[in-house]
Amino acid sequence: MSEKDEYMNIDPAVVRRIRELRRQVEHHAKMYHVYDAPEISDYEYDRMYYELVHLEEQYPALDDPASPTHRVGGKVLDKFDKVVHAVRMDSLTDVFSFEELSDFLSHVRETLPEAVFSVEPKIDGLSCSLRYEHGVLVQGATRGDGVVGEDVTQNVKTIFDIPLTLPEPLTLTVRGEVYMPRPVFERLNAKREAEGLSLFANPRNAAAGSLRQLDPNVTASRALSIFIFNFQEGNLYADGHAPLTHTETLDRLAELGFHVLEERICTAETEQILGHIRRLGELRDNLAYDIDGVVIKIDKLADRITLGEGTNTPRWAVAYKFPPEQKITRLTDIQVAVGRTGVLTPTAILEPVRLAGTTVSRATLHNLDFIRERDIHILDYVTVQKAGDIIPEVVCAHPEKRDGRETEFHMPTVCPSCGEPVFREEGEAAVRCTNAACPAQLSRGIEHFASKDAMDIDGLGPQIVEALISAGLIRDAADLYDLKSEQVAALDRMGEKSALNLTGAIEKSKSAGLERLLYALGIRNIGSVAAAALAARYRTLENCMAATMDELCDIPDFGEITASCVVNFFSHPQNVALCHRLIQAGCLTKSTAAPTGDRFAGKTFVLTGTLPSLTRDQAATLIKAQGGKVSGSVSSKTDYVVAGEAAGSKLTKAQSLGIPVISEDDLRQMLA
Ligand code: IVH
């Protein structure tokens with residue numbers, strides 16, 4: 001049906017109004033989410049948006065996949081579906097110096113003496129593929145392991161840089177890097193800080209956390225962007241013309257409405273390649289997005305085929321990684337904080353400086369030895385960088401810049417929190433406060449208990465923990481579960497709604513499961529991996545509490561030190577009492593993970609019909625955890641068919657082949 005026929009019986013004024021509303025809604029949504037510069041009130045926007053929604057419902061013939069109403073409103077998912085990429089999403093070989101880069105260029109020139117390279121920024125975000133069928137966006141997927149990714153279609157539709165439709169009915173897949181622009185990142189973190197939520201370490205983590213959201217409305221509120229850097233497969237032109245170069249491809253993609261990489265050059269000359277890398281390095285700070293290197297790739301597509309692919313990376317491209325960004329700033333003070341285990345950690349207070357995407361004003365100094373080895377004085381100029389691009393650290397001091405006002409730092413002799421004397425054990429770098437009732441240790445312990453990988457209590461940040469302790473409302477983690485929202489609401493700067501949210505989050509944390517709970521307890525040397533191993537071995541908190549040294553030493557990767565930390569922790573009466581109170585409070589103290597074993601090794605199961613309590617996915621997980629296989633169809637190789645209500649042809653086939661048919665109950669008994 002042509003557009004004209006579709007609209008034939010509809011009042012042209014309606015058609016015009018819908019077009020106008022779509023234009024306006026797209027514009028104002030972008031001003032709000034992307035630029036944080038709304039031009040109209042939320043009320044006016046909502047009226048406009050819902051007028052459009054109603055008109056589209058009234059005139060379904062005028063529905064258009066390009067309408068901004070398709071960007072939002074997706075439903076909250078339980079999990080992401082898996083997507084098998086039609087073309088593998090390879091990663092790149094990294095090089096860390098101009099020498100290594102020159103080796104790559106020489107190697108390429110042995111086969112292709114005239115090779116021309118595209119030299120472009122390496123955007124620091126996450127890779128994503130976009131599939132269009134007949135000009136309509138039908139799928140967005142994360143890279144995953146390069147072969148299988150996750151279906152994030154609803155979420156990518158919320159990204160304004162991504163066209164929902166193309167101006168031509170083309171079927172193609174493109175690949176790009178989803179990123180969070182720096183101003184959006186700053187705003188997001190400022191808002192999270194005000195709400196007492198944990199901060200994202202950098203724009204890349206924020207982008208990843210925002211794209212992999214089961215609720216697309218959260219992604220929409222995060223204003224992500226994308227740069228397209230590759231054409232994966234399909235047709236770029238309706239007449240089947242295939243581009244000859246990467247440059248031609250990106251120009252064409254820009255013409256089709258994609259936001260393609262900026263700041264790229266095309267050259268055959270080594271000097272120009274190196275010059276562009278230097279230029280991008282200088283430009284890096286002033287870009288609105290983070291880059292972590294420069295990609296050097298062959299421009300001519302036929303040449304790429306000549307060079308081919310390695311195991312997981314192409315031979316026609318490399319990523320030159322920038323060395324960690326460093327800045328010089330003044331260290332204005334050294335403050336000492338007391339950690340969860342009583343260790344006193346000195347922290348450098350810095351004159352704020354922009355570093356790798358965030359403003360840095362503190363950096364860890366680890367311990368006194370670290371300070372002495374680097375000859376760091378208070379008021380020194382110091383070089384700072386981010387370790388692993390996340391944690392700021394002091395690299396060195398600049399004694400040549402001293403003006404005489406600098407002073408040497410001394411570790412306090414008493415705990416800055418409780419005033420009790422501190423100790424340094426023989427051969428240890430750390431200085432400790434050993435007072436079990438030290439309030440700072442209590443605060444850090446509760447913050448750890450509430451942290452993301454532990455009980456994941458949203459909104460229980462350091463300030464609230466401090467306020468709850470000062471108000472005498474909590475003395476240990478178990479006290480959290482006795483808190484009433486009225487008590488929380490009575491704290492300074494706490495509204496009723498925030499108090500309800502917090503007590504709701506605390507209640508929810510009860511079902512975190514044994515793995516998280518064991519980690520949350522803060523047993524020395526028990527990180528989340530060791531906690532999961534403990535939970536898998538003992539299944540309940542009570543069993544863990546009774547664990548013996550011999551048993552613990554049998555757990556893979558548990559040495560004597562780790563084992564003794566566990567035994568030691570549960571030998572303290574106050575820790576045992578804490579565990580009993582957590583059990584009484586209703587915390588889930590059983591393992592949520594399927595027990596692993598090999599009970600079903602070599603056995604194939606088929607699941608059919610509706611099982612009384614398990615979903616088919618849950619049943620499959622239980623079977624696989626015992627080494628069994630789950631197949632979609634019944635054959636002579638099937639060992640068991642697990643049948644529920646309304647089982648159909650699979651059940652009949654199993655009966656005709658004489659394969660044992662079992663119920664969910666039978667399966668549970670086999671697992672018990
Ligand atoms: S090309 C098969 N170009 O870097 C070649 N990748 O470490 C595919 N990236 O996973 C990569 N900017 O997500 C290419 N201009 C760019 C890029 C880029 C960022 C990411 C990409 C890839 C990772 C490789």
Side-chain angles (χ1 to χ4, degrees), residues 83 85-96 100-101 104 108 117-130 140-150 152 156 159 161-162 173-181 202-205 207-208 211-212 224-233 243 245-247 249-251 253-254 258-267 273 276-277 279-281 283-284 287-301 303-322 356-357 388-389:
V83 171
H85 300 300
V87 172
R88 207 173 62 182
M89 285 171 79
D90 277 342
S91 70
L92 295 169
T93 305
D94 291 335
V95 295
F96 297 94
E100 280 183 81
L101 175 58
F104 163 76
V108 168
F117 299 89
S118 174
V119 187
E120 51 197 52
K122 182 170 182 301
I123 313 295
D124 198 8
L126 71 153
S127 208
C128 180
S129 71
L130 303 173
T142 61
R143 174 174 179 270
D145 63 3
V147 178
V148 179
E150 285 175 329
V152 286
V156 298
I159 301 178
D161 286 341
I162 296 182
T173 309
V174 294
R175 176 176 170 187
E177 195 81 350
V178 172
Y179 67 95
M180 183 173 282
N202 53 39
R204 185 205 329 118
N205 288 9
L211 189 68
R212 293 191 68 261
L224 298 172
S225 291
I226 193 169
F227 276 119
I228 302 297
F229 60 70
N230 206 48
F231 169 58
Q232 298 289 95
E233 50 118 28
T245 62
H246 176 63
T247 305
T249 307
L250 291 193
D251 288 347
L253 288 171
F258 290 102
H259 190 203
V260 299
L261 282 172
E262 299 161 348
E263 309 294 349
R264 70 200 139 90
I265 64 159
C266 214
T267 178
I273 296 174
H276 195 55
I277 294 177
R279 211 163 20 252
L280 285 172
L283 210 61
R284 195 177 173 193
L287 294 171
Y289 45 87
D290 277 6
I291 64 176
D292 61 340
V294 179
V295 183
I296 299 96
K297 46 175 90 152
I298 300 267
D299 194 48
K300 201 161 147 199
L301 302 180
D303 286 350
R304 292 185 178 184
I305 295 169
T306 308
L307 289 173
E309 315 282 323
T311 326
N312 281 316
T313 53
R315 293 204 184 88
W316 44 263
V318 283
Y320 171 86
K321 296 294 286 280
F322 287 132
D389 265 357

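Along the sequence shown, residues are numbered consecutively beginning with 1. Just follow the structure's listing: the first ligand is 1, and inside any ligand the first atom is 1.
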Q: What is the closest protein heavy atom to atom 11 (C) of ligand 1, and at what distance does it sit?
A: F229 CE1, 3.7 Å
Q: Please indicate whether any nitrogen or oxygen in W316 is less than 3.5 Å from any nitrogen or oxygen in ligand 1.
A: no
Q: Among all protein heavy atoms, pick the one closest to atom 12 (N) of ligand 1 and tell me residue, atom and distance.
A: I123 N, 3.0 Å
Q: Measure L261 to ligand 1 on non-hydrogen atoms and call it side chain, backbone, both or neither using the 4.0 Å cut-off.
A: side chain
Q: Taking distance alone, with no angle check, do P121 and ligand 1 share an N/O pair under 3.5 Å?
A: yes
Q: Are more than 12 heavy atoms from other residues, nucleotides or ligands located less than 6.0 Å from atom CZ of R212?
A: no
Q: For the pair D290 (side chain) and R204 (backbone), establish whether a donor and an acceptor sit closer than 3.5 Å, ignoring hydrogens and angles.
A: no
Q: Heavy atoms, side chains only, cut-off 4.5 Å: are S91 and R143 in contact?
A: yes
Q: Is it the case that more than 12 heavy atoms not belonging to K300 sit under 6.0 Å from its NZ atom?
A: no
Q: Considering residues at least two apart in sequence or located in another chain, which fulfil the ring-ring contact (aromatic ring centres under 6.0 Å, His included) criterion with Y179?
A: F227, Y289
Q: Just to be sure I'm reading this right: ignoring hydrogens, which of R304, K122, E309, K297 gets closest to atom 3 (N) of ligand 1? Compare them by their nearest heavy atoms.
A: K297
Q: Please confirm whether E177 comes within less than 3.5 Å of ligand 1 when only nitrogen or oxygen atoms on both sides are compared.
A: yes
Q: Against heavy atoms of E120, which atoms of ligand 1 measure under 4.0 Å?
A: 3 (N), 15 (N), 16 (C)
Q: If we ignore hydrogens and angles and just use 3.5 Å, is the side chain of Q232 paired with the main-chain N or O of R175 as donor and acceptor?
A: no
Q: Going by atom types alone, do S129 and T173 pair a side-chain donor with an acceptor below 3.5 Å?
A: no
Q: Between CD1 of I273 and OG1 of T267, what distance do you get to the nearest 0.5 Å?
A: 6.0 Å
Q: Which of the numbered atoms in ligand 1 are below 4.0 angstrom from a heavy atom of R175?
A: 8 (C), 10 (O), 13 (O), 21 (C), 22 (C)
Q: I'd like to check whether R143 has a polar contact with ligand 1, where a contact means an N/O of the residue lying under 3.5 Å from an N/O of the ligand.
A: no
Q: At the 4.0 Å heavy-atom cut-off, does N230 count as touching ligand 1?
A: no
Q: I'd like to know if E263 and R279 make a salt bridge, using a cut-off of under 4.0 Å between side-chain N and carboxylate O.
A: no
Q: Looking only at distances, please establish whether an N/O atom of ligand 1 is found under 3.5 Å from an N/O atom of S127.
A: yes
Q: Kindly confirm or rule out an N or O of S91 lying under 3.5 angstrom from an N or O of ligand 1.
A: no
Q: What protein heavy atom lies closest to atom 24 (C) of ligand 1? Include the residue and the distance to one decimal.
A: L92 N, 3.6 Å
